[in-house]
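Since the structure comes first, as structure tokens, the remarks are kept for the end.
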Amino acid sequence: MPKSDVKARALRLKDALFKTYPQATCALKHHGAFELAVATILSAQCTDERVNIVTRDLFKKYRTPRAFAEADSGELEAAIRPTGFFRNKARSIQGFSRGIIEQFGGEVPKDMDALVKLPGIGRKTANVILGTAFGLATGVVVDTHVSRLAQRMCLTKEEDPGKIEQDLMKLIPQEDWILFGHATIWHGRQICNARKPKCSECPLAADCPKIGVMAHE
DNA sequence: CTCCCGATAT
DNA sequence: ATATCAGGAG
């Protein structure tokens with residue numbers, strides 16, 4: 001399949017996504033970049049819905065980076081336990097909090113290279129923070145939903161999230177990167193989900209190479 | 001590559 | 001029983 005065809009289809013899919021989900025935004029409830037960072041760390045292998053349940057109380061108990069940094073690790077682990085991976089996530093949250101206190105005066109840096117050096121922050125989480133909290137299109141958020149949809153729509157043949165992001169950055173105009181992530185994730189949750197995609201309800205079906213090839217509806 | 005890990009849908 | 005959920009570190 002010629003690359004120009006892939007790009008043209010990517011742009012049509014993007015337009016359809018934007019038309020279908022014009023209101024798409026980050027589903028993780030938060031106030032400011034720091035809370036968003038914590039929520040995104042918690043969102044690994046966990047639904048955003050469950051993260052929001054946990055953070056509702058968590059952000060009352062711990063209100064600042066210093067509060068997280070100085071928290072008893074056992075208490076923090078207990079507070080986030082329902083999100084899974086709770087020991088790793090507690091360690092990441094405290095390491096991230098201490099890192100921004102020591103290096104950035106307690107502020108979340110608006111810088112990809114600085115963010116990914118902090119504990120618990122990879123490219124995906126950094127892109128969420130930069131795009132949603134700061135409006136900076138440094139890259140394309142590639143999570144489990146974006147990976148799955150990019151593959152189903154044949155926008156990439158890669159499996160590594162970093163390589164998928166490189167492909168999407170070539171296919172989607174930079175001004176659309178942030179909304180593309182939000183809309184794609186929205187679509188991935190509501191229609192093109194992992195187990196039982198609702199192809200019969202899909203507004204993108206006309207452009208989907210996998211229509212009818214997916215698991216029986 | 002493996003490990004971390006609880007909750008829910010199928 | 002198994003797959004999956006807004007991943008990242010060793």
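Chain letters run A, B, ... following the sequence lines, proteins first and then strands; every chain starts at 1.
- Atom name C1', nucleotides C/dA9 and B/dA7: the rounded distance is 23 Å, in whole Å.
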With a cut-off of 3.5 Å and sequence neighbours excluded, list every side-chain donor-acceptor pair involving residues 38-47 of chain A.
unit_1 : atom_1 : unit_2 : atom_2 : d
A/T40  : OG1    : A/L36  : O      : 2.7
A/S43  : OG     : A/T40  : O      : 2.6
A/T47  : OG1    : A/R50  : N      : 3.3

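- When the C1' atom is used for both C/dA6 and B/dC1, the distance is 23 Å, rounded to whole Å.
- A close approach under 4.0 Å does not occur between any side-chain nitrogen or oxygen of A/R50 and OP1 or OP2 of B/dG6.
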Annotated protein contacts, base or backbone, on nucleotides 5-10 of chain C with a non-hydrogen cut-off under 4.0 Å, one of B, S, - each: BBBSS-
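- A/F180 does not carry A/K14 over the face of its six-membered ring by the limits of under 6.0 Å from the centre and within 45° of the normal.
- Heavy atoms of A/R91 sit nowhere under 4.0 angstrom from any nucleic acid atom.
- As rounded to the nearest Å, B/dC4 and C/dC5 have C1' atoms that lie 15 Å from one another.
- A/I93 places its CD1 atom 19 Å from the P atom of B/dC4, with the value rounded to the nearest Å.
- Listed by chain and number, the residues in a ring-ring contact (aromatic ring centres under 6.0 Å, His included) with A/F68 are A/F34, A/Y62 (sequence neighbours excluded).
- Partners of A/A137 under the side chain to side chain contact (heavy atoms under 4.5 Å, CB included) rule, at least two apart in sequence or in another chain, are A/Q174, A/W177, A/I178.
- Between A/R81 atom CZ and B/dC4 atom P there is a gap of 17 Å when expressed in whole angstrom units.
- Rounded to an integer number of Å, the gap from A/I41 CD1 to B/dC5 P is 15 Å.
- Contacts of A/R9 classified as side chain to side chain donor-acceptor pair (under 3.5 Å), with partners at least two apart in sequence or in another chain: none.
- Scored by the salt bridge (charged side-chain N to carboxylate O under 4.0 Å, His left out) test, A/R66 finds A/E70 as partners (sequence neighbours excluded).
- Distance, A/K89 NZ to B/dC3 C1': 14 Å, rounded to whole Å.
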